[in-house]
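The structure appears right after this line, and notes come after that.
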There are 2 protein chains.
Amino acid sequence: MTDTHAPRPTDAIGFASHDHHACIEGTVAAVAARCADEGLHLTPVRRRVLEILLARHRALGAYEILDVLRDEGLGSQPPVAYRALEFLTKHGFAHRIEGMNAFAACTHPGQDHDAAFLICTGCGAVAEAPVEPARAALERTAEAAGFTIARTVLEAEGLCPNCSQSHPS
Amino acid sequence: MTDTHAPRPTDAIGFASHDHHACIEGTVAAVAARCADEGLHLTPVRRRVLEILLARHRALGAYEILDVLRDEGLGSQPPVAYRALEFLTKHGFAHRIEGMNAFAACTHPGQDHDAAFLICTGCGAVAEAPVEPARAALERTAEAAGFTIARTVLEAEGLCPNCSQSHPS
DNA sequence: ATTGATATGTTATTCTATTACCCGTAACAA
DNA sequence: TTGTTACGGGTAATAGAATAACATATCAAT
Ligand SMILES: [Zn+2]
Ligand SMILES: [Zn+2]
Ligand SMILES: [Zn+2]
Ligand SMILES: [Zn+2]
């Protein structure tokens, strides 16, 4: 894609470097634990899709994910990917990025929850940011109109710290 | 679609009743004036797409718009609709609703601008809300991460005042 | 063994969006 | 008048994203 410059999203979470291997394993373990708790089935396909998302730390389209699954013999048709993504997003283990028709792993998997996203147009990295401040602001706006919010889509596109430097505008 | 209950989005703007005929004419006139000012060409197809969006006060998919254009002999292939929509969105006369893959007319056409949207899942009405409070909140969050925002997607789905009553939850 | 619930496999289709190429006209210069 | 350029539009083909529908498998609980 537009990966024409340096910073590797693979190494970024919240745009900071970290122990990526541990990050993946830890998150998968946490998700597996929550599934066990709640009687959810983290099946091979679902687990693998989560791993694929975690490994990139960026938003992936369903068909990109499907390509990987196909290479690994885990499924080759769209519904395979979409069903796994539905499971993951429904339970708050991944999020859909509306502005990109793509999906990203949740970085603090908990109950089904809305989130805010910072999406770098330079390197594709996606960071999950606290949703509350912006959501609260929207709530106030909505309240004034008599509108009851059920779900929010809060996404910001721009440049991450790494790309701000390399793309000096 | 899901238009199974009473309130007609056609009669709502910001979820309040208003003189719809004047609303459409006024907005088209304002847009025409701005185009004249800035040397933009509000061609028949572009004007008609704007009118179609204004007439509904809800988000329309490109193909819904294309259906209308086709009936009127103004074009029958996808690029006709997408080109007009690109013109309108590029100049701030309409907005794309990311969460719906759809488009809505701007209710205060000015320079190219981001906006926040309140989308009623009951009747489909879309209201353009002030973007600043929520955007400012996101800005603060982003700043803390060293992230520079270029564009925001702020959308809230829920129930408008009319639908809150008819759908007593 | 039979049933019911859940997860997968597979095909086809729908919906959304873009690319590429060609045509006609307006504006402007040679 | 004749290029030449810029722009908008017509059309066909294709790409990309998502779902519908139906068949099959798996497994636990009777
Ligand atoms: Zn999350
Ligand atoms: Zn970046
Ligand atoms: Zn607007
Ligand atoms: Zn409503």
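Owing to the predicted nature of the structure, the values given are computational and were not obtained by experimental measurement. Here is how names work: the chains are called A, B, and so on, in the same order as the sequence lines, proteins then strands, and each is numbered from 1.
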So, do B:E143 and B:E139 sit near enough that their side-chain heavy atoms are less than 4.5 Å apart? no

Between the side-chain atoms of A:Y63 and the base atoms of D:dA15, is any donor-acceptor pair under 3.5 Å? no

Keeping the roles fixed (side chain from B:D114, backbone from B:R151), state whether a donor-acceptor pair exists under 3.5 Å. no

Keeping A:E128 on the side-chain end and A:T107 on the backbone end, is there a donor-acceptor pair under 3.5 Å? yes

Looking at every strand, decide which applies to A:R46 at a 4.0 Å heavy-atom threshold: base, sugar-phosphate, or nothing. sugar-phosphate

Atom [atom1] of [X] and atom [atom2] of [N]: how far apart are they, to the nearest Å?
X     : N      : atom1 : atom2 : answer
A:D67 : D:dG16 : CG    : C1'   : 12 Å
B:F87 : D:dG8  : CZ    : P     : 8 Å
B:L88 : D:dG8  : CG    : C1'   : 14 Å
B:R47 : D:dG9  : CZ    : C1'   : 18 Å
B:E86 : D:dG8  : CD    : C1'   : 12 Å
B:Q77 : D:dA13 : CD    : C1'   : 10 Å
A:I97 : D:dA18 : CD1   : P     : 12 Å
B:L40 : D:dA6  : CG    : P     : 18 Å

According to side-chain hydrogen bond (donor to acceptor under 3.5 Å, both in side chains), does anything in residues 38-54 of chain A pair up with another residue at least two apart or in another chain? List the pairs. A:R34-A:E38, A:R48-A:E51, A:R48-A:E72

Regarding the side chain of A:P79, the nearest nucleotide among D:dA20, D:dG10, D:dA18 is D:dA20

5'-most to 3'-most nt of DNA chain C touching chain B (<4.0 Å, heavy-atom partner on protein side) reads C:dT16 to C:dA20

Do any side-chain nitrogens or oxygens of B:S76 fall under 4.0 Å of OP1 or OP2 in D:dT11? yes

Working to the nearest 0.5 Å, report the span between CZ of B:F103 and CD1 of B:I65. 7.0 Å

I would like to know whether A:Y82 and A:Y63 meet side-chain contact (heavy atoms from CB on, under 4.5 Å); could you show each step before the answer? CA-CA 9 Å; A:Y82 280 101; A:Y63 280 69; 3.7 Å; yes

Result for 5'-nearest mapping on DNA chain D, choosing between B:R83 and A:R83, is B:R83

By nearest-heavy-atom nucleotide on DNA chain D, the more 5' of B:H41 and A:Y82 is B:H41

Any salt bridge linking A:R58 with A:E64? Criterion: basic side-chain nitrogen under 4.0 Å from a carboxylate oxygen. yes

